[in-house]
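Here is the structure we will look at.
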Amino acid sequence: MSSYDAIYAIVQQIPYGQVATYGQIAELANLPGRARLVGYALFRVAPEADIPWHRVINAKGEISESPVRYGSDYLQRSLLEAEGIQFNAQGRINLRIYRWQGVIDAAQNSQ
DNA sequence: GCCATGACGGAGC
DNA sequence: TGCTCCGCCATGG
């Protein structure tokens, strides 16, 4: 175990009906630029942990596909839709609406 | 211990 | 708007 522990902690904090990007998770986990490690970490722990991995998507707002996942991406989409998240015609999620802003600082909320 | 790969991100064309 | 290339670093052979 290592910094990944922070990644799992962050993912578990994603609220129902919202999503976060790998890069965002990495940043919150104090691993800026290591978005890849986030996805890799989730892939290794997902099946044996209570982590809502389906709420983690890429920066494009879509579900990442990979030959090692086969059809898991379809399951992920189903889970997200079950939470009320809508996909557009391109199968992507509107991050401007569903993106989890993580732990927002009060000062940053001035926008 | 070295080499190749990978749920990504961002810049460049 | 969409595709391609490079960078980052842990894991496995």
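Quick note on labels: first sequence line is chain A, next is B, and so on, each numbered from 1. Model, not experiment: these values are computed from the prediction.
Here the side chains of A/Phe43 and A/Val38 are not in contact, with every heavy-atom distance at 4.5 Å or above.
Rounded to whole Å, atom C1' of B/dT5 lies 12 Å from atom CZ of A/Phe43. Regarding A/Tyr4, its OH atom lies at a distance of 7 Å from the C1' atom of C/dT11, rounded to whole Å. Spacing between atom CG of A/Leu42 and atom C1' of C/dA10 amounts to 14 Å, rounded to whole angstrom units. As a whole-Å value, the separation of A/Ile7 CD1 from B/dG6 P is 19 Å. We find that CD of A/Glu62 is positioned 10 Å from P of C/dG2, with the value rounded to whole Å. A straight line from CG of A/Leu31 to C1' of B/dG9 spans 14 Å, rounded to a whole angstrom. Here the P atom of nucleotide B/dC8 and the OH atom of A/Tyr40 are 12 Å apart, to the nearest Å. Separating the CG atom of A/Leu28 from the C1' atom of B/dG9 is a distance of 15 Å, rounded to the nearest angstrom.
Within 6.0 Å of atom CG in A/Asn30, 12 or fewer heavy atoms from other residues, nucleotides or ligands are found, so the atom counts as exposed in its surroundings. At most 12 heavy atoms of other shown residues, nucleotides or ligands fall within 6.0 angstrom of atom CD in A/Glu27. Surrounding CD of A/Glu65 are at most 12 heavy atoms belonging to other residues, nucleotides or ligands under 6.0 Å away.
Nearest heavy atoms, A/Arg92 versus A/Glu62: CD-OE1, 3.5 Å.
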Per-nucleotide protein contact string for nucleotides 3-9 of chain C (B base, S sugar-phosphate only, - none; heavy atom under 4.0 Å):
----BBB
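Other members of the hydrophobic cluster containing A/Leu95, listed by chain and number, are A/Val19, A/Ile57, A/Ile63, A/Leu80, A/Ile85, A/Phe87, A/Ile93, A/Ile97, A/Tyr98; membership follows side-chain contacts under 4.5 Å among ILVMFWY residues, whether direct or relayed.
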